[in-house]
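In what follows, a single structure is set out as structure tokens and then discussed.
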Amino acid sequence: MSIKLLKQGLNGHKPLEPMWRQQPLKDSYDVVIIGGGAHGLACAYYLAKHHKITNVAVLEKAYLGSGGSGRNTAIIRSNYLTPEGILFYDESVKLYEDMAEELDFNVMFSQRGHLTLAHTDASLRTMRWRAEVNQIQGVNSRVIYPDEIKKLAPFMDLSDYPRYPVMGALYHPPGGIIRHDAVVWGYARDADKRGVHLHQKTEVTGIETENNRVVGVKTNRGAIKTGVVLNATAGWASLIANMVGLKLPIETRPLQACVTEPLKPFLDVVVVSGTLHFYLSQSDRGELVMGAEVDPFTSYSMDSTLNFVEGLAGHVLELFPSLAKVRLMRQWAGLCDMTPDYSPIMGFTPVDGFLVDVGWGTYGFKASPVSGKRMAELIATNRTPDLIAPFSYDRFIKGKLVGEKGAASVGH
Ligand code: PYC
């Protein structure tokens with residue numbers, strides 16, 4: 001037990017301190033970050049910590065972490081398909097490994113391993129390909145077969161009985177799950193301590209430009225002068241970009257997820273099946289956290305549907321028939337900004353001072369630390385760091401796409 005925890009226990013109950021302050025909205029900031037999720041907060045944190053840029057406002061139209069950061073299934077991994085994607089997400093995993101100590105906040109990162117199942121010869125081939133590219137980039141991934149899978153997930157049906165029997169899996173030991181709210185709160189608390197202003201219930205209603213250069217932001221609480229705006233939103237990225245007349249190659253689709261009642265611990269690995277379209281993990285509370293592919297239509301709706309849970313449950317039960325009587329407790333949806341190549345868009349845009357950290361599809365949460373760190377570096381130095389250069393806006397104009405569809409959660 002930590003000394004801090006022991007002291008708190010012995011000192012008796014004290015009212016909780018707010019984790020960040022409510023600040024007045026100033027009429028000018030050096031940097032305005034739109035979106036109070038893990039990406040925006042991480043960028044604010046790194047601007048303050050690494051670059052001593054603290055005259056920064058994070059604007060969030062609802063509450064911190066109310067968007068994708070609080071709606072994802074908290075899976076962390078770096079077993080991507082392209083060298084660019086692998087290197088990028090690998091830095092993120094490493095930053096997550098140090099996060100609890102760095103932020104002095106228990107983010108409950110559990111590196112329990114991540115299995116992507118292969119049910120056909122074709123997907124086994126893709127897993128071998130991914131394993132090789134991962135290993136070349138120094139990332140720990142390898143293909144394993146049912147005898148080893150059985151040891152990692154003893155309750156999974158590895159017989160010939162399921163409609164799609166398991167032939168093998170890409171095993172990625174550093175992958176795992178984390179407490180997503182804690183990541184948001186940890187970054188928010190530290191950014192606040194360093195002088196960043198966090199403004200909740202502050203909706204951006206317009207962005208002002210002069211001669212193709214950002215000069216300010218309009219909000220429901222008043223106008224702000226600034227020369228740098230970072231669009232770090234998910235779900236609303238195209239609408240924010242439209243405010244400066246910029247079109248993003250993004251389609252927005254809902255993604256649903258759900259959790260069951262708590263069960264005794266029985267699953268100590270993250271299981272993903274691209275063919276059966278599901279991912280499943282067991283949280284530290286014992287709940288099964290489950291999701292599937294994005295809804296098959298574009299929409300800004302965050303309604304949950306029966307259709308979704310019926311389809312998901314059918315697929316999960318194919319491999320875990322013993323869960324048939326488990327009850328669902330909660331279901332929710334978030335919005336995903338899908339790009340044509342299933343990679344994000346980060347960096348400068350044709351509008352001076354308007355930067356983007358968008359297009360995170362269903363894989364944004366796991367990139368929060370690295371995108372925050374590297375976007376902060378870009379803002380501070382006015383140079384694009386090599387690690388994020390492949391994800392620039394102009395790759396769509398130059399035709400240099402970074403095709404990650406084969407490794408983007410489940411087959412969308
Ligand atoms: O990319 O690992 C992933 C993921 C899991 C759920 C949604 N996306």
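Predicted, not measured: the structure shown is a model, and the values here were computed from it. Counting convention: from 1, in listed order, for ligands and their atoms alike.
Ligand 1 has no nitrogen or oxygen under 3.5 angstrom from a nitrogen or oxygen of H114. Here's the thing with Y279: none of its N/O atoms is less than 3.5 angstrom from an N/O atom of ligand 1. Between T362 and ligand 1, at least one N/O pair is under 3.5 Å apart.
Outside the 6.0 Å centre-distance limit, the rings of H51 and Y46 are not counted as a close aromatic pair. Ring centroid separation for the pair F88 and F391 comes in under the 6.0 Å cut-off.
Close contacts between ligand 1 and I75 involve ligand atoms 2 (O), 5 (C) [criterion: under 4.0 Å to a heavy atom]. Residue K366 approaches ligand 1 through these ligand atoms, each under 4.0 Å from one of its heavy atoms: 1 (O), 2 (O), 3 (C), 4 (C). Every atom of ligand 1 with a heavy atom of R77 under 4.0 Å away is listed here by number and element: 1 (O), 2 (O), 3 (C). Within ligand 1, the atoms closer than 4.0 Å to a non-hydrogen atom of T73 are 6 (C), numbered from 1 in the order shown.
Without hydrogens or angle criteria, Y29 side chain to K26 main chain gives a donor-acceptor distance under 3.5 Å.
With sequence neighbours left out, H114 forms a ring pair (Phe, Tyr, Trp, His ring centres under 6.0 Å) with no residue at all.
Ring pair H39/W360 is tilted by interplanar angle, where 30° to 60° counts as tilted.
Looking at E203 and R221, no side-chain N of the basic residue comes within less than 4.0 Å of a carboxylate O on the acidic one, giving no salt bridge.
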